[in-house]
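To start, the structure under review is shown below, and the notes come after it.
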Amino acid sequence: GGGGRKEFTMMSKVALMAVLAVGGASAFVPTTGFLPKARMATSATSSLGLRTAGRTGSASLKMQVAAGQDTAALTRVATEARGLAMDSIAAAKSGHLGLPLGCAEIGAVLFSDFLQYNPKDPQWINRDRFVLSGGHGSMFLYSWLHIAGYDIPMDEVKNFRQYHSMTPGHPEFPNSEHNTPGIEATTGPLGQGVVNAAGIAAAQKMEQAMFNTKDHEIFDSVTVALCGDGCLQEGISHEGACFAAHEGLDNLIIVYDSNDVTLDKMAEYTQSEDTAARYEAYGWEVVTIDGHDLGAIKKTMDDFRTAKNGKPKLLIAKTIIGKGIDEVAGTNAAHGEAGVAYVEDAKEKLGLKEPWEVSSDTRDFFKGVTTSKTEAYNKWQDTFKAWKGANKDLAKKLDTFVKGEVPSAEEMFKGIPEFDQDKDLATREAGSVIINPVADLVPQFLSGSADLHGSNKNYIKTGGNFGRGFDKTYTGKNFYFGIREHAMGAIMNGIAFHGMFRPSGATFLVFVCYMRATMRVAALAEIPTTYILTHDSIGVGEDGPTHQPVETVSSLRVFPNLDVMRPADPEETVGAYVHSAQRKDGPTALILTRQNVRTLKEIPVKTRREGTLKGGYIAHKEKGDLKLVILAAGSELQWAMDAAKEIGEGVRVVSMPCMSIFDKQDQKYRDEVLPPSCRNRMAMEAGVASPWYKYVGLDGKVVSVEKFGFSAPGDIVMKEFGMTAENCLKEAKAMM
């Protein structure tokens, strides 16, 4: 291999049979050529210095006793964790056995020794964060959290995948539906968890840089994620790995459950790359071990924690998927619930006699673990108390961050100056002004862009830049994500999962499709991320249909719990930013124009700002009897206002910057804005019409854009699609 790395050949069929005889037999024996060459222990270039024998025989699977490691107890605990997974998945008749069984020794080391946590204070701010990126293997996490003493009763372990249980099919970050302690991220869509972990690690770097002092180190935690081949096949893992290495996130550890199996086929059917070489090329520290060797797991993880070498860490753990159920172990059948039919026999072979068995020996062993971790926790509390006494201003700032406190909307409005009411301004340009007082008022508010700060106009001028090298520091508030929208979304989620900071990220609206999966998770997990999405319509112009969003805003509006805000002018943009900075129960998408729009000075500033917070409001009140309601959002509101002025009496204009917020207002307010007595309604927006019909009804009309645009100056494209005051007037008159 290149770079002076020592290569170890695959194990032979004979050797593997010997291994299985020792380590938990499998009916599956791979043929010659099944495994790519494995880089065992570590490469010659590694700074860790860890070496283990190549995996060439059964001896390599014998348990290695590290100093202070009770191998017999850990082996028993791993066996019982396997049993919990077997029983719960069998009872549910649903779930994934492969990972919980194959990674039991990894779990034993993590939860008995490596991870820094206190089960009685699961939100301890200096805890290590564990993310199960392979969320399908959720019984791994529930089993270990239960054994480790978290408040997950055995009844909830038994209630796996049932209605309103604490143990849903995939791990869910605490939200209005679930509040399971110890869950650090909502995972399931493969690849996202490993990049969420990079976001959490970035937030940890930031808290360390902001709050540790020369005399007191109150933050020293790391992030560990467990993943499989699926996570690393997903392209997002590449984007996140590049970011993590480039920014020196050496507090990030990915444990790769390398079992050579995917769901449909053995992994060799779809992958042949050298994963270790790939991650080394990114700039990661890479070590390969036998994933059932307790001593090797502990030694490597301990070395990873202390190696402050600027490199994220990848532990490639060679494991047997479904280990413990001989009939499926080592095969792709072990991934799901195919092994359920053999659970009773498997448990008998493992010496497990009771359903959901956790022995008194295991309970006693983990009492000792809890005592040790509580001692470390109490020692930290002493340090924290001394730090607070010596750093009162920092302590006040930290308290604000931890509690997620933000000023009231009224206070924020006072802190954001009014715009020149006679100046036309693109809402992205307005955003470039607004984001700076927002960042001052909400110091935990962060920004970032997928290589488009100059176009998105979302740079925090006094924030500094986050990361390593150049002009960057770990206290910087501006993230340069590179051209990596998918990773940007997942890193933002990770920062939000961490809980100390409020991340925002920007790109062109049309490219939001690269990150939709992460936005869905943010909405589901109810975390306060902000998406700044500019160049919002066919008004983009010359770049043509590849860069002109048509369907995008409407498609985002269908996400539950995502507030999609398309403000019409600078003052509505203030309202949108304030909402996004205040929201605590879900994400917000700010949809902003490239082209200038008219500042709507005929509407009072207070009305525009406060009306935006309600999602919709009366922008123009009719004179005389109400004959027509025109609804509009974003850059089209100006045309609706112009048309109403031209028509004169009988026309009301409603600004609808955010449908989801408006729909949450009480019925009385909604009826005041949209009187049920007036069914003659028209909506106008430079996008697909479908969401508007819930307001205009079958009797109404939507002036919209139902096909892709074309390359020309933006005003010409808008005119050709009827997005003008003249066409709005024509369509409105036709309805009167």
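- The backbone N or O of M659 sits nowhere less than 3.5 Å from a side-chain atom of R557 that would complete a donor-acceptor pair.
- More than 12 heavy atoms of other residues, nucleotides or ligands lie within 6.0 Å of CD in E672, so this atom counts as buried by the packing criterion.
- Annotation for K668: atom NZ does not count as buried by contact number, only 12 or fewer foreign heavy atoms lying within 6.0 Å.
- None of D422, D420, D424, D569 except one satisfies the salt bridge (charged side-chain N to carboxylate O under 4.0 Å, His left out) rule with K601; the exception is D422.
- Between F243 and F466, the ring planes are parallel. Angles under 30° get that label, and only those over 60° would be called perpendicular.
- A distance-only check finds no donor-acceptor pair linking the side chain of R652 to the backbone of E622 [under 3.5 Å].
- Here the closest non-hydrogen pair linking Q582 and P407 is NE2-O, 2.7 Å.
- Between V540 and F508, the closest side-chain pair of non-hydrogen atoms is not below 4.5 Å.
- When atom types are taken as modelled, the side chain of R428 and the backbone of S455 share a donor-acceptor pair closer than 3.5 angstrom.
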Problem set entry | D563 and T588: CA distance, side-chain angles, deciding distance, side chain to side chain donor-acceptor pair (under 3.5 Å) verdict | CA-CA 5 Å; D563 287 342; T588 303; 4.6 Å; no
For this session: Show your working on salt bridge (Lys or Arg N to Asp or Glu O under 4.0 Å) between D585 and R583 and close with a plain yes or no.
Result: CA-CA 6 Å; D585 61 353; R583 192 175 184 208; 2.8 Å; yes
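- Within 6.0 Å of CG on D666 lie more than 12 heavy atoms contributed by other residues, nucleotides or ligands.
- Within the 4.5 Å cutoff, side-chain heavy atoms of L556 are placed close to those of M519.
- Using a distance-only test at 3.5 Å, with no hydrogens or angles considered, a donor-acceptor pair links the side chain of R681 to the main chain of Y695.
- The closest side-chain heavy-atom distance from F219 to M500 is below 4.5 Å.
- Using a 4.5 Å heavy-atom threshold, the side chains of V651 and M736 count as touching.
- Scanning all heavy atoms of the two residues, the minimum distance from V131 to G193 falls at CG1-O, 3.7 Å.
- Annotation: side chain of I460 is in contact with side chain of N436 (closest heavy-atom distance under 4.5 Å).
- The shortest non-hydrogen separation linking R484 to C242 is NH2-CB, 3.6 Å.
- Between F211 and F401, the ring planes are perpendicular. Angles over 60° get that label, and only those under 30° would be called parallel.
- Looking only at side-chain heavy atoms (C-beta outward), H579 and M412 stay at 4.5 Å or farther from each other.
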For this session: Please lay out, stage by stage, how K645 and E602 fare under the test salt bridge (Lys or Arg N to Asp or Glu O under 4.0 Å).
Result: CA-CA 11 Å; K645 182 179 179 181; E602 63 267 42; over 6 Å; no
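- With 3.5 Å as the limit, one finds no donor-acceptor pair spanning the side chains of Y617 and Q665.
- For the pair S537 and R566, the tightest heavy-atom approach, listed with the atom from each and the gap, is CB-NH2, 4.2 Å.
- Judged by the 6.0 Å and 45° rule, K614 forms a cation-pi pair with Y669.
- Between I603 and M641 the shortest side-chain heavy-atom distance falls below 4.5 Å.
- Around atom CG of D393, no more than 12 heavy atoms belonging to other residues, nucleotides or ligands sit under 6.0 Å away.
- Ring geometry for F481 versus F479: interplanar angle under 30°, hence parallel rather than tilted (30 to 60°).
- For K461, the NZ atom counts as loosely surrounded, since its 6.0 Å shell holds 12 or fewer non-hydrogen atoms of other residues, nucleotides or ligands.
- Nearest heavy-atom pair, G687 versus S704, reported as atom, atom and distance to 0.1 Å: O-CB, 3.1 Å.
- Using a 4.5 Å heavy-atom threshold, the side chains of Q444 and V406 count as touching.
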Problem set entry | Chi angles and distances behind the salt bridge (Lys or Arg N to Asp or Glu O under 4.0 Å) call for K719, E726 | CA-CA 9 Å; K719 182 178 180 180; E726 292 77 15; over 6 Å; no
Problem set entry | Audit row: R608, E572, salt bridge (Lys or Arg N to Asp or Glu O under 4.0 Å) steps and yes/no | CA-CA 5 Å; R608 279 174 279 166; E572 282 198 2; over 6 Å; no
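- Listed for the T186 side chain is a donor-acceptor partner under 3.5 Å among the backbone atoms of F173.
- In terms of modelled atom types and a separation under 3.5 Å, the side chain of E526 and the main chain of S176 share a donor-acceptor contact.
- In this structure a side-chain-to-backbone donor-acceptor pair under 3.5 Å is present from T518 to M515.
- In this structure, the side chain of E429 does not engage the main chain of A426 through any donor-acceptor pair within 3.5 Å.
- Side-chain N or O atoms of N680 include none that pairs as donor or acceptor with a backbone N or O of L628 at under 3.5 Å.
- Each of T573, D536, L533 was checked for a side chain to side chain contact (heavy atoms under 4.5 Å, CB included) with L592, and the lone residue meeting it is T573.
- When atom types are taken as modelled, the side chain of E706 and the backbone of A689 share a donor-acceptor pair closer than 3.5 angstrom.
- Atom CZ of F708 is surrounded by 12 or fewer heavy atoms from other residues, nucleotides or ligands within 6.0 Å.
- Looking at K396, K397, K403 one by one, the single match for salt bridge (charged side-chain N to carboxylate O under 4.0 Å, His left out) with D399 turns out to be K403.
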Exercise. Hey, mind stepping through I183 and E172 against side chain to side chain contact (heavy atoms under 4.5 Å, CB included) and telling me if it holds?
Worked result: CA-CA 7 Å; I183 306 300; E172 295 183 29; 5.6 Å; no
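- Ion pairing of R609 with E418 is absent here, as no side-chain N (NZ or NE/NH1/NH2) approaches a carboxylate O to less than 4.0 Å.
- Residues A198 and A244 come closest through the heavy atom pair CB-CB, 4.3 Å.
- Annotation: K664, atom NZ; neighbour count of heavy atoms from other residues, nucleotides and ligands within 6.0 Å is above 12.
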